[in-house]
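The shown structure was predicted, so the numbers you read here are calculated from the model rather than taken from an experiment.
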Amino acid sequence: MSSSPLDHGRRNVVLASGAAMALGLAGGAAAAIETLPKERRMSTLVIRNARVTTLDPQQPHAQALAVQNGRIAAVGSDEQIMREWGNEATIIDAQGRRIVPGLNDSHTHLIRGGLNYNLELRWDGLRSLADAMAMLKAQVDRTPAPQWVRVVGGFTATQFTEKRLPTLQELNDIAPDTPVFLLHLYDRALLNRAALRACGYTKETPDPPGGQIVRDSLGNPTGLLLAKPNALILYATLAKGPRLPIEYQANSTRHFMRELNRLGITSVIDAGGGFQNYPEDYQVIEQLHRDEQLTVRIAYNLFTQNKGSEVNDFRGWSEILQPRQGDDLLRHNGAGEMLVFSAADFELFNEPRPELPPELEPELHDVVKLLVEKRWPFRIHATYDESITRILDVYEQVNREVPFDGLHWFIDHAETITPRNIERIRALGGGIAVQHRMAYQGEAFVERYGVQAARHTPPVKRMLAEGVPVGAGTDATRVASYNPWVALSWLVTGRTVGGLALYGDENLLEREQALRLWTQGSAWFSGDEDTKGTLKQGQLADFIVLSSDFFRVDDAQIADITSLLTVVGGRIVHADGDYAGLAPQLPPAMPDWSPVNKFGGYHVGGTATGLAAAHHHHHGVACGTHGAHGHAAQHAAPTDDLTAFWGAMGCSCFAF
């Protein structure tokens with residue numbers, strides 16, 4: 001057998017120019033190489049010379065696999081697969097690399113995130129605030145008026161060696177005229193003076209419910225907005241910025257999907273979100289689906305937008321959508337993660353746990369009963385065990401009135417859930433979707449609740465021991481990063497991105513166990529456990545060729561893994577390294593000044609992408625006041641129109 005990345009079968013054999021260069025082909029040989037069809041659709045595809053982790057207990061390991069008509073046709077040894085399929089296939093040599101099923105994020109916000117991805121400068125993965133500020137300065141210089149520079153989640157101050165955020169003075173020095181909006185977790189946003197002017201925030205702007213505009217001694221907004229404890233002020237402010245026209249939103253969504261493909265994601269379950277109404281805000285993703293430009297499979301949940309009228313939202317949607325309506329690429333997945341606003345607990349660990357109002361029970365009862373009657377699957381955001389207890393009380397009551405009878409439902413997050421409530425979820429046939437929010441907020445949790453409480457937050461290993469379906473995800477993009485390898489690293493090592501060790505062995509997962517949560521585990525949450533998550537005959541041909549072997553690299557290297565080749569339904573949707581050129585090229589990110597064109601997305605390895613020469617120095621001295629947030633500027637949210645607040649943003653805490 002040849003050791004080239006791609007070999008010639010007897011029919012429809014092709015190489016792309018990028019792969020040809022990787023093979024050292026030049027001159028006439030390179031010129032004679034054909035290019036793949038635009039869609040990179042192959043009637044038969046064989047990947048050989050690989051370490052295949054199938055996650056199929058009947059055949060856990062293999063050397064090769066064959067794909068036909070978008071599904072796995074066979075898995076086995078090189079000799080077997082080449083003998084049975086090689087003569088009629090396009091053949092790719094994995095060169096001994098690890099192949100695993102495509103990763104499936106059970107809780108993310110791809111649809112909303114895609115609409116804005118091209119507008120956002122990402123600090124995800126950076127290890128130096130100096131690099132982050134150098135990127136910010138470079139983007140300020142290339143952003144035309146009246147556009148903003150936005151850093152919207154995906155990072156935390158603890159990931160930086162400096163262990164701090166920039167000061168407001170540093171932001172103002174870098175960008176005296178260009179609005180800058182910087183979102184940190186669920187807790188705060190930093191705005192420079194230009195952003196304050198663009199938002200119309202003045203001394204007269206009042207604080208919104210649950211938020212604070214930090215002010216100076218004269219009552220003027222300083223530029224610091226605090227969630228106290230909900231994030232309405234943060235997201236309502238973000239919504240004031242310029243938006244992309246719809247054709248740019250489509251381009252932005254394609255770039256975001258390709259970024260997820262680069263990290264090995266082939267499927268997601270979209271949890272909806274504030275300011276994401278159906279069907280208006282789904283037209284871009286639906287058009288991309290019609291144009292066959294989806295490179296990630298999406299199952300989407302619908303998130304109520306109207307406080308006090310939640311049951312009417314779901315009743316109306318249930319009249320136009322059937323359960324699981326759609327196909328394997330884009331499909332409705334039920335209700336949530338917001339079912340009723342009265343049940344939304346806030347996940348800001350540096351603030352006290354909120355007490356939920358008494359209307360939770362009757363409002364949630366009416367919505368859940370409707371959903372069960374309509375046979376709509378549903379999910380609900382619940383961070384704290386106290387919230388979960390009250391939610392399960394309602395679910396058990398509804399189940400007595402209208403049996404759930406196998407309907408898929410699940411709790412999202414569940415950081416502080418107790419063994420008793422895990423048992424109650426199992427008894428009702430539910431699941432738990434966990435995310436790596438503690439990798440970004442673990443330090444704040446430990447500071448408030450202590451080291452011992454953090455050791456089982458969330459108690460993933462206990463959930464699995466109880467036999468509850470568990471799926472893994474990120475809750476990206478506005479808080480934690482969308483990088484699944486950060487989540488896998490957290491599950492295996494128990495460490496935050498800042499290096500804090502949270503868990504003991506009793507709550508750490510083995511690597512294969514963690515991978516199962518990101519493949520087979522997540523598939524349950526969209527009812528796809530029979531078609532996704534395993535590399536065996538008949539399953540969807542979604543898989544990835546890893547840049548480094550997940551099962552062999554050191555713990556510290558897990559978060560730096562990417563995919564060299566990502567295949568969705570037998571179609572190559574991302575290719576890098578030796579396989580560069582095998583995936584369709586994307587048009588440049590729109591607009592041309594988009595941060596994506598210069599800096600890309602997640603910064604693998606911690607080094608700032610796109611900085612030709614980063615100035616490795618601190619932009620300003622450490623600020624003692626800043627560490628205590630005493631320098632923080634208070635900022636009044638757009639409380640001039642509370643109807644627009646609630647109607648447009650959905651809920652004050654969302655981040656969802």
Side-chain angles (χ1 to χ4, degrees), residues 1-2 4-20 22-23 32-50 52 54 56 59 62-95 97 99-102 257-258 261 266-267 288-297 327-330 528 530-532 534-545 563-576 578-585:
M1 294 296 176
S2 166
S4 303
L6 290 95
D7 292 332
H8 293 281
R10 295 180 180 173
R11 183 169 67 94
N12 191 32
V13 178
V14 287
L15 278 172
S17 57
L23 293 177
I33 292 172
E34 299 177 281
T35 58
L36 282 166
K38 179 180 179 183
E39 299 84 2
R40 301 314 202 259
R41 295 184 186 278
M42 306 172 184
S43 57
T44 305
L45 172 66
V46 165
I47 313 288
R48 68 173 188 86
N49 188 20
V52 183
T54 69
D56 175 9
Q59 188 180 13
Q63 291 178 301
L65 55 83
V67 174
Q68 194 168 58
N69 299 322
R71 294 188 177 258
I72 303 294
V75 179
S77 67
D78 277 349
E79 180 182 4
Q80 172 193 355
I81 298 301
M82 290 299 295
R83 182 178 65 248
E84 296 180 5
W85 299 92
N87 290 342
E88 300 295 325
T90 299
I91 302 166
I92 295 180
D93 185 349
Q95 300 179 321
R97 296 186 175 95
I99 293 178
V100 300
M257 289 189 294
R258 183 65 68 90
N261 296 150
T266 58
S267 290
L288 291 174
H289 181 226
R290 288 190 291 270
D291 293 343
E292 299 186 354
Q293 292 180 336
L294 292 187
T295 62
V296 175
R297 302 184 191 275
D327 59 26
D328 286 334
L329 276 171
L330 182 65
D528 293 318
D530 294 332
T531 59
K532 287 182 188 177
T534 307
L535 298 179
K536 65 179 182 180
Q537 185 177 16
Q539 291 250 323
L540 292 167
D542 301 348
F543 56 88
I544 52 180
V545 179
S563 173
L564 295 180
L565 193 73
T566 303
V567 177
V568 177
R571 182 166 60 112
I572 296 174
V573 296
H574 163 77
D576 200 0
D578 289 344
Y579 310 105
L582 293 183
Q585 286 192 347

Inset, instruction - To the nearest 0.5 Å, tell me how far Q59 CD sits from Q537 CD. - result: 10.0 Å
Legend entry - Donor-acceptor pair, side chain of D78 and main chain of N49, under 3.5 angstrom: yes
Inset, instruction - Give a yes or no on whether the backbone of G569 and the side-chain of D542 come within a donor-acceptor separation of less than 3.5 Å. - result: yes
Inset, instruction - State, yes or no, whether a side-chain contact exists between V573 and T566 at a heavy-atom distance under 4.5 Å. - result: yes
Legend entry - From CA spacing to verdict: side-chain contact (heavy atoms from CB on, under 4.5 Å), L535, V52: CA-CA 8 Å; L535 298 179; V52 183; 3.9 Å; yes
Legend entry - Test side-chain contact (heavy atoms from CB on, under 4.5 Å) applied to D530 - qualifying residues, sequence neighbours left out: none
Legend entry - For Q80, all residues meeting side-chain contact (heavy atoms from CB on, under 4.5 Å), sequence neighbours excluded: S77, R83, E84
Legend entry - Rounded distance [0.5 Å steps], CZ in R97 versus CD1 in I47: 11.5 Å
Inset, instruction - Check side-chain contact (heavy atoms from CB on, under 4.5 Å) between D576 and all other residues, then give those that pass, not counting sequence neighbours. - result: L564, H574
Legend entry - Which residues share a side-chain contact (heavy atoms from CB on, under 4.5 Å) with A575, sequence neighbours left out: L565, I572, Y579, L582, A583
Legend entry - R297 vs T531, side-chain contact (heavy atoms from CB on, under 4.5 Å): CA-CA, chis, key distance, verdict: CA-CA 12 Å; R297 302 184 191 275; T531 59; over 6 Å; no
Inset, instruction - For R258, enumerate each residue passing the salt bridge (Lys or Arg N to Asp or Glu O under 4.0 Å) test, keeping only those at least two apart in sequence or located in another chain. - result: none
Inset, instruction - Hey, could you give me the CD1/CD1 distance between I91 and I81, rounded to the nearest 0.5 Å? - result: 11.5 Å
Inset, instruction - Verify, without hydrogens or angle tests, whether Q63 (side chain) and A50 (backbone) share a donor-acceptor contact under 3.5 angstrom. - result: no
Legend entry - Worked check of side-chain contact (heavy atoms from CB on, under 4.5 Å) between L288 and M257: CA-CA 11 Å; L288 291 174; M257 289 189 294; 4.2 Å; yes
Inset, instruction - Please answer whether the main-chain N or O of K536 pairs with a side-chain N or O of T534 as donor and acceptor at a distance below 3.5 Å. - result: no
Inset, instruction - Please report the C-alpha distance between I72 and V67 in whole Å, then the side-chain angles of each, then the deciding distance to 0.1 Å, and finally whether the side-chain contact (heavy atoms from CB on, under 4.5 Å) criterion is met. - result: CA-CA 5 Å; I72 303 294; V67 174; 4.2 Å; yes
Legend entry - Approximate separation, where rounding is to 0.5 Å, of L294 CG and L329 CG: 6.0 Å
Legend entry - S563 side-chain N/O to I544 backbone N/O, donor-acceptor pair under 3.5 Å: no
Inset, instruction - May I ask you to test the D328-K532 pair for a side-chain heavy-atom distance under 4.5 Å? - result: no
Inset, instruction - Return the set of residues passing side-chain hydrogen bond (donor to acceptor under 3.5 Å, both in side chains) with T266 (not counting sequence neighbours), or none when no residue passes. - result: none
Inset, instruction - Can you measure from CD (E292) to CZ (R571) and round to the nearest 0.5 angstrom? - result: 7.5 Å
